[in-house]
Colleague: 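Below you'll find the structure I mean.
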Amino acid sequence: MNPPIKPIVTRFPPSPTGYLHIGGARTALFNWLYARKTKGRFVLRIEDTDAARSTSESVDAILESLEWLGIDWDDGPYFQTRRYHIYDEYIEKLIESGHAYYCSCTPDEVDAMREEAKAKGLKPMYNGKCRNLNLKKGPDTVVRLKTPDSGATVVEDIVKGDTAFRNSEIDDFIIRRSDGSAMYNLAVVIDDITMGINTIIRGDDHLINTPKQMLIYSALGADMPIFGHVPMVLGSDKTRLSKRHGAMSVGEYRKMGFLPDAMINYLVRLGWSHGDQEFFDRAELIDVFDLEHLGRSASMFDTDKLMALNSKHIQKKTPEELAGPLLFHLNDLGIEAKNDAFTIGAIQTLQPRSKTLVEMAEGAAFYYKDEVEYDKTAADKFLLPDMLPVLEKSAEMIDTLDPYTHEALETVFKFIIEETGHKFGKIAQPLRVAVTGTTVSPGIFEMLLVLGKEKTIKRIRKAVRFIQDKA
RNA sequence: GGUCCCAUCGUCUAGCGGUCAGGACGCUGGCCUCUCACGCCGGAAACCCGGGUUCGAUUCCCGGUGGGAUCACCA
């Protein structure tokens, strides 16, 4: 008889002390992907026990970023500050069972112990003074876990392998402060136990306190979860990612015009691999993600590669999928655009040449402007008197087109080329400047088509007047 | 400093004893071309060092070096 297979339950536990940053997003992603892949559950828990640094604005920002990334949770968000009574319950159990004890040493006394140990060349630790005093709860007592002083605790880490820590290195750490609130290690373990978390993937900055947490699991007789510690994401100077490395919150990347799918694709490849494959869409990722191919070494965040991936994702999307996000960025440029056929057409012409949505919005701006503004250098170079016949003739001929199609436009310019003797290469740039104001844009025909007959003629005629006025 | 982790092109990585060490980004030569891109073809570019183990090490073991993390009544 096969035992029932337990569903995988993972979690993401950010502390709301700032925005969701790249590293956090990546661990959230790993946990989420693994839960989705195994048809398990993904729990969101807010670790807000640090009253001084936690803010509700941060909570909102983190939730918003997760939603934007499309990382959804099945359970939560739970808030640790609302669970103190649960921690108390377990702390009492620990005291009753002799695994924890009250300690009346003051912070100053403990500092002195550390200094003393350091002076002797030992690791600064609490010396266990109150360990066997059997103290009762007092006004300023903390609760400490009675940790074994011999043997070793080994973390069977699925990414780092077995890692052993001597128990003599671990002192009787505090699990409840003198103000009665639970400490981090205790709260985390109790939460993970009570929420049924059985798979913990987190940054390897947590590897070192994992043995402490394991000691709590043991003292409680609870099942040990599976641990996997993924390496940190570093900045370009190979130090831990921080403000000075430029943008690090996922909100900023959204503003810079990145697609959530590209973000996810990039993040997952930073420390995980699937052979040589670089491009993944969401469904595919869920399908092929695994824990076996998580990397063991730290990696640097590379915006160029993110950019390249973003441009590929932009190309793979349908214009309809891009319209909503693009409108957001057009709006940032002060352009009022609608999700209509005109915008869809504009997107189609810009899709292959935009690395970000910001670029796309900037490139699309000319479509929406009432008046074309000429770039000085472009106008000086291309809006010249010898182009007057070409521009006048094209405006005149386009005016007669019905229907206004790609083929019709081609015919017009084929005629003008023959008539004037100019090569298309000679007239394309002046035309482009007339219509967009700049020398860079989508292909002439597709662009004129999207712009529409009326606007096209109007802009060409404006260029004609511009050249005449200049002369 | 103690403890722990890590080490393949500049960067992200594949590799799981025998490979011309593969891919991607970036860089670069060319093609395509109405601009910019896309796309296509080509190039330069890596196994940190020293010992072992082995017929044979990028791969396994040890040491060194380098980088990172962590040492709270923070999380």
Side-chain angles (χ1 to χ4, degrees), chain A residues 13-17 47-54 80 103 105-107 110-111 114 117-118 121-126 140-144 155 157 159-161 163-166 169-171 173-181 183-185 187-188 203-211 229 231-232 234 236 238-240 266 269-279 293 295-309 311-312 315 350-355 359 363 378 382 413 423-433 436 438-445 447:
Chain A
S15 351
T17 56
E47 306 203 329
D48 56 347
T49 55
D50 185 348
R53 295 194 300 150
S54 298
Q80 288 190 322
C103 165
C105 297
T106 64
V110 177
D111 280 346
R114 292 206 178 90
K118 240 196 282 188
L122 298 173
K123 181 174 180 165
M125 299 198 302
Y126 173 70
D140 285 315
T141 51
V142 299
V143 176
R144 290 180 181 274
V155 181
D157 194 287
V159 354
K160 305 279 188 184
T163 304
F165 295 85
R166 279 182 293 282
E169 293 280 336
I170 303 169
D171 67 358
F173 59 94
I174 296 174
I175 56 178
R176 183 164 68 194
R177 301 181 183 92
S178 53
D179 70 359
S181 62
M183 286 281 286
Y184 170 73
N185 281 127
V188 167
D204 69 6
D205 48 335
H206 286 281
L207 183 55
I208 284 197
N209 53 41
T210 301
H229 290 91
M232 308 269 83
L234 309 176
S236 47
K238 295 204 174 190
T239 61
R240 196 174 173 165
Y266 177 70
R269 279 288 291 115
L270 204 56
W272 175 83
S273 62
H274 185 63
D276 279 344
Q277 189 171 349
E278 300 284 351
F279 185 93
H293 295 85
R296 282 149 297 141
S297 53
S299 42
M300 280 172 34
F301 190 85
D302 178 11
T303 311
D304 281 341
K305 187 141 184 180
L306 203 211
M307 191 80 82
L309 235 21
S311 112
K312 280 213 169 59
Q315 289 187 55
L350 289 156
Q351 241 175 312
R353 62 197 91 234
S354 305
K355 285 194 189 330
E359 250 183 58
F382 294 110
F413 287 101
K423 286 187 175 160
F424 189 67
K426 171 82 176 166
I427 66 177
Q429 283 304 70
L431 211 48
R432 193 182 312 276
V433 176
T436 71
T438 73
T439 56
V440 176
S441 87
I444 297 285
F445 300 126
M447 174 174 77

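Just so we're on the same page: letters track the sequence lines, and every chain starts at 1. Both backbone and side-chain heavy atoms feed into the values below; hydrogens, waters and symmetry mates do not.
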Colleague: Can you tell me, in whole Å, how much space there is between the P of C38(B) and that of G1(B)?
Modeller: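 Approximately 48 Å lies between the P atom of C38(B) and that of G1(B).
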Colleague: What is the base-pairing partner of G39(B), counting Watson-Crick and G-U wobble geometry with both distances under 3.5 Å?
Modeller: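 Per the H-bond distance test, C31(B).
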Colleague: CZ/F165(A) to CD1/I208(A) distance, rounded to the nearest 0.5 angstrom?
Modeller: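 If I round to the nearest 0.5 Å, the distance is 5.5 Å.
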Colleague: In whole Å, what is the span from the CZ atom of F382(A) to the P atom of C34(B)?
Modeller: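 So the two atoms are 14 Å apart, to the nearest Å.
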Colleague: Can you name the residues that form a side chain to side chain donor-acceptor pair (under 3.5 Å) with K312(A), not counting sequence neighbours?
Modeller: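 Result, side chain to side chain donor-acceptor pair (under 3.5 Å) vs K312(A): none returned.
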Colleague: Could I get the full list of side chain to side chain contact (heavy atoms under 4.5 Å, CB included) partners for T49(A), not counting sequence neighbours?
Modeller: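 For T49(A), the residues satisfying side chain to side chain contact (heavy atoms under 4.5 Å, CB included) (neighbours in sequence not counted) are Q80(A), Y84(A).
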Colleague: In the structure shown, which nucleotide is the Watson-Crick or G-U wobble counterpart of A24(B), with both distances under 3.5 Å?
Modeller: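 Matched A24(B) with U11(B) under the 3.5 Å cut-off.
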Colleague: Are there any protein N/O atoms within less than 3.5 Å of an N/O atom in nucleotides 3-6 of chain B, and if so, which ones and at what distance?
Modeller:
from: C5(B); atom 1: O2'; to: K160(A); atom 2: NZ; distance (Å): 2.5

Colleague: Assess the residue pair E47(A) and Y184(A) against the criterion (side-chain contact (heavy atoms from CB on, under 4.5 Å)); give the C-alpha distance rounded to whole Å, side-chain angles, the decisive distance to 0.1 Å, and a yes or no.
Modeller: CA-CA 9 Å; E47(A) 306 203 329; Y184(A) 170 73; 3.2 Å; yes
Colleague: Using atom names, set out every protein N or O paired with an N or O of nucleotides 57-63 of chain B below 3.5 Å, distance rounded to 0.1 Å.
Modeller:
none

Colleague: Please state the P separation for the pair G43(B) and A24(B) - nearest whole angstrom.
Modeller: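 Approximately 12 Å lies between the P atom of G43(B) and that of A24(B).
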Colleague: Using the side chain to side chain contact (heavy atoms under 4.5 Å, CB included) criterion, which residues pair with H274(A)? Sequence neighbours excluded.
Modeller: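 Result, side chain to side chain contact (heavy atoms under 4.5 Å, CB included) vs H274(A): W272(A), Q277(A), F280(A), V288(A).
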Colleague: How many whole angstroms separate atom CG of N209(A) from atom C1' of C73(B)?
Modeller: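 About 16 Å, once rounded to whole Å.
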Colleague: Just do the side-chain contact (heavy atoms from CB on, under 4.5 Å) check on D140(A) and T106(A) with the steps written out, would you?
Modeller: CA-CA 8 Å; D140(A) 285 315; T106(A) 64; over 6 Å; no
Colleague: Do M307(A) and S311(A) make a side-chain contact, defined as non-hydrogen atoms from C-beta onward lying under 4.5 Å apart?
Modeller: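 A side-chain contact under 4.5 Å is absent here.
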Colleague: Sort out the partner of A44(B) for me: Watson-Crick or G-U wobble, both distances under 3.5 Å, none otherwise.
Modeller: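 The answer is none; no pair meets the criterion.
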Colleague: Using atom P of each nucleotide, how far apart are C40(B) and C48(B) to the nearest Å?
Modeller: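 Those two atoms are separated by 32 Å.
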Colleague: Under a 90° cut-off about 0 for the syn range, is C61(B) syn or anti?
Modeller: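 Base orientation: anti.
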Colleague: Nearest to the R353(A) side chain among C73(B), A37(B), C34(B), which nucleotide is it?
Modeller: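 For R353(A), the side-chain atoms sit closest to A37(B).
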Colleague: With nearest nucleotide decided by heavy atoms, which residue, Y184(A) or Q429(A), maps closer to the 5′ end of RNA chain B?
Modeller: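 Result of the comparison: Q429(A).
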Colleague: Check whether any side-chain nitrogen or oxygen of S273(A) sits under 4.0 Å from OP1 or OP2 of A14(B), and answer yes or no.
Modeller: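 Yes, such a contact exists.
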Colleague: Name the nucleic acid region contacted by P13(A), choosing base, sugar-phosphate or nothing; use a 4.0 angstrom heavy-atom cut-off, strictly under.
Modeller: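 Since no nucleic acid heavy atom lies under 4.0 Å of P13(A), the category is nothing.
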Colleague: Applying side chain to side chain contact (heavy atoms under 4.5 Å, CB included), name anything that partners D171(A), two or more places apart in sequence or on another chain.
Modeller: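 In terms of side chain to side chain contact (heavy atoms under 4.5 Å, CB included), with neighbours along the sequence ignored, D171(A) is linked to M125(A), Y126(A), F173(A).
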Colleague: Using the C1' atom in both, what is the distance from G68(B) to C62(B), to the nearest Å?
Modeller: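 22 Å, rounded to whole Å.
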Colleague: Kindly write out the residues that satisfy salt bridge (Lys or Arg N to Asp or Glu O under 4.0 Å) with D304(A), not counting sequence neighbours, or none if the list is empty.
Modeller: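 If we apply the salt bridge (Lys or Arg N to Asp or Glu O under 4.0 Å) test to D304(A), skipping adjacent residues, there are no hits.
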Colleague: Would one find a side-chain N or O of T49(A) under 4.0 angstrom from OP1 or OP2 of A75(B)?
Modeller: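 The answer is yes; a side-chain N or O of T49(A) sits under 4.0 Å from OP1 or OP2.
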Colleague: Can you list the residues that meet the salt bridge (Lys or Arg N to Asp or Glu O under 4.0 Å) rule with K355(A), with sequence neighbours excluded?
Modeller: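 Listed in chain order: nothing, the list is empty.
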Colleague: Run the side chain to side chain contact (heavy atoms under 4.5 Å, CB included) test against P124(A) and tell me which residues pass, sequence neighbours left out.
Modeller: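 Only R114(A), K118(A) meet the side chain to side chain contact (heavy atoms under 4.5 Å, CB included) criterion with P124(A).
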Colleague: Students often get this wrong, so: under 4.0 angstrom with heavy atoms, is C103(A) touching a base, only sugar-phosphate, or nothing?
Modeller: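 Touches nothing.
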Colleague: For R53(A), what residues pass the salt bridge (Lys or Arg N to Asp or Glu O under 4.0 Å) criterion, not counting sequence neighbours?
Modeller: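 In terms of salt bridge (Lys or Arg N to Asp or Glu O under 4.0 Å), with neighbours along the sequence ignored, R53(A) is linked to D50(A).
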Colleague: For G271(A), answer base if it contacts any base atom (sugar-phosphate contacts may also be present), sugar-phosphate if it contacts only those atoms, and nothing otherwise; contact means non-hydrogen atoms under 4.0 Å.
Modeller: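 Touches sugar-phosphate only.
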Colleague: Checking base pairs now: Watson-Crick or wobble, both atom distances under 3.5 Å. What partners G66(B)?
Modeller: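 C6(B) is the nucleotide pairing with G66(B).
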Colleague: Mind checking G443(A) for me? I need base, sugar-phosphate or nothing, with any heavy atom below 4.0 Å counting as a touch.
Modeller: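 The residue G443(A) makes base contact.
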Colleague: Can you tell me, in whole Å, how much space there is between the P of U13(B) and that of U8(B)?
Modeller: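 Those two atoms are separated by 9 Å.
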Colleague: Could you tell me how far apart I170(A) (CD1) and A72(B) (P) are, to the nearest whole angstrom?
Modeller: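 It works out to 14 Å between those atoms.
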Colleague: Tell me the partner of C73(B), counting only Watson-Crick (N1-N3 plus N6-O4 or O6-N4) or G-U wobble (N1-O2 and O6-N3) with both under 3.5 Å; none if nothing fits.
Modeller: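 Answer to the pairing question: none, since C73(B) forms no Watson-Crick or G-U pair.
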Colleague: Roughly, in whole Å, what's the span from CZ in F173(A) to P in A72(B)?
Modeller: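 Going from F173(A) (CZ) to A72(B) (P), I get 13 Å.
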Colleague: Identify, with sequence neighbours excluded, every residue that meets salt bridge (Lys or Arg N to Asp or Glu O under 4.0 Å) alongside R176(A).
Modeller: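 In terms of salt bridge (Lys or Arg N to Asp or Glu O under 4.0 Å), with neighbours along the sequence ignored, R176(A) is linked to D88(A), E92(A).
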Colleague: Indicate, with a heavy-atom threshold strictly under 4.0 Å, whether P231(A) touches base, sugar-phosphate, or nothing.
Modeller: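 Nothing, no heavy atom under 4.0 Å.
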Colleague: Without decimals, in angstroms, what is the distance between M447(A) CE and A37(B) C1'?
Modeller: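 That distance rounds to 14 Å.
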Colleague: Closer than 3.5 angstrom, by distance alone: can the side chain of T436(A) be matched with the main-chain N or O of T438(A) as a donor-acceptor pair?
Modeller: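 Such a contact is found between T436(A) side chain and T438(A) backbone.
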Colleague: Can you measure M300(A) atom CE to U13(B) atom C1' for me and round it to whole angstrom units?
Modeller: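 My rounded result for the distance is 13 Å.
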Colleague: Sticking with atom P, work out how far G15(B) lies from U59(B), rounded to a whole angstrom.
Modeller: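 The same atom, P, in both gives a distance of 15 Å.
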Colleague: Roughly, in whole Å, what's the span from NE2 in H206(A) to P in A75(B)?
Modeller: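 Distance, rounded to whole Å: 12 Å.
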Colleague: When the C1' atoms of A46(B) and G63(B) are considered, how many whole Å apart are they?
Modeller: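 The answer is 24 Å between these two C1' atoms.
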Colleague: Collect all protein-nucleotide pairs involving nucleotides 19-29 of chain B in which both atoms are nitrogen or oxygen and the distance is under 3.5 Å.
Modeller:
from: G22(B); atom 1: N2; to: D276(A); atom 2: OD1; distance (Å): 2.8
from: G23(B); atom 1: N2; to: E278(A); atom 2: OE2; distance (Å): 2.6
from: A24(B); atom 1: O4'; to: E278(A); atom 2: OE2; distance (Å): 3.4
from: A24(B); atom 1: N3; to: K305(A); atom 2: NZ; distance (Å): 2.9
from: C25(B); atom 1: O2'; to: K305(A); atom 2: N; distance (Å): 3.4

Colleague: For K423(A) and U35(B), give me the distance from atom NZ to atom C1', rounded to whole Å.
Modeller: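 Going from K423(A) (NZ) to U35(B) (C1'), I get 17 Å.
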Colleague: Please check the phosphate of U11(B) (OP1 and OP2 only) for any side-chain N or O of S299(A) closer than 4.0 Å.
Modeller: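 The answer is no; no side-chain N or O of S299(A) sits under 4.0 Å from OP1 or OP2.
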Colleague: Suppose you measure atom C1' in G18(B) against the same atom in G64(B); what distance do you get, rounded to whole Å?
Modeller: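 After rounding to an integer number of Å, I get 28 Å for this pair.
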Colleague: Just so I know, are the side chains of V159(A) and R296(A) near enough to count as touching, which here means a heavy-atom distance under 4.5 Å?
Modeller: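 With C-beta onward as the side chain, the pair touches.
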Colleague: Checking all strands, does R114(A) fall into the base, sugar-phosphate, or nothing category for heavy-atom contacts under 4.0 angstrom?
Modeller: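 Answer is sugar-phosphate: R114(A) comes under 4.0 Å of backbone atoms only.
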Colleague: Mind checking if T439(A) touches a base, just sugar-phosphate, or nothing, with heavy atoms under 4.0 Å?
Modeller: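 Answer is base: heavy atoms of T439(A) come under 4.0 Å of a base.
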Colleague: Check every atom of C12(B), C34(B), G15(B) against the side chain of H293(A) and return the nucleotide holding the closest atom.
Modeller: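 Closest nucleotide to the H293(A) side chain: G15(B).
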Colleague: Considering Watson-Crick and G-U wobble pairs with both distances under 3.5 Å, what does G18(B) pair with?
Modeller: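 Base partner found: C55(B).
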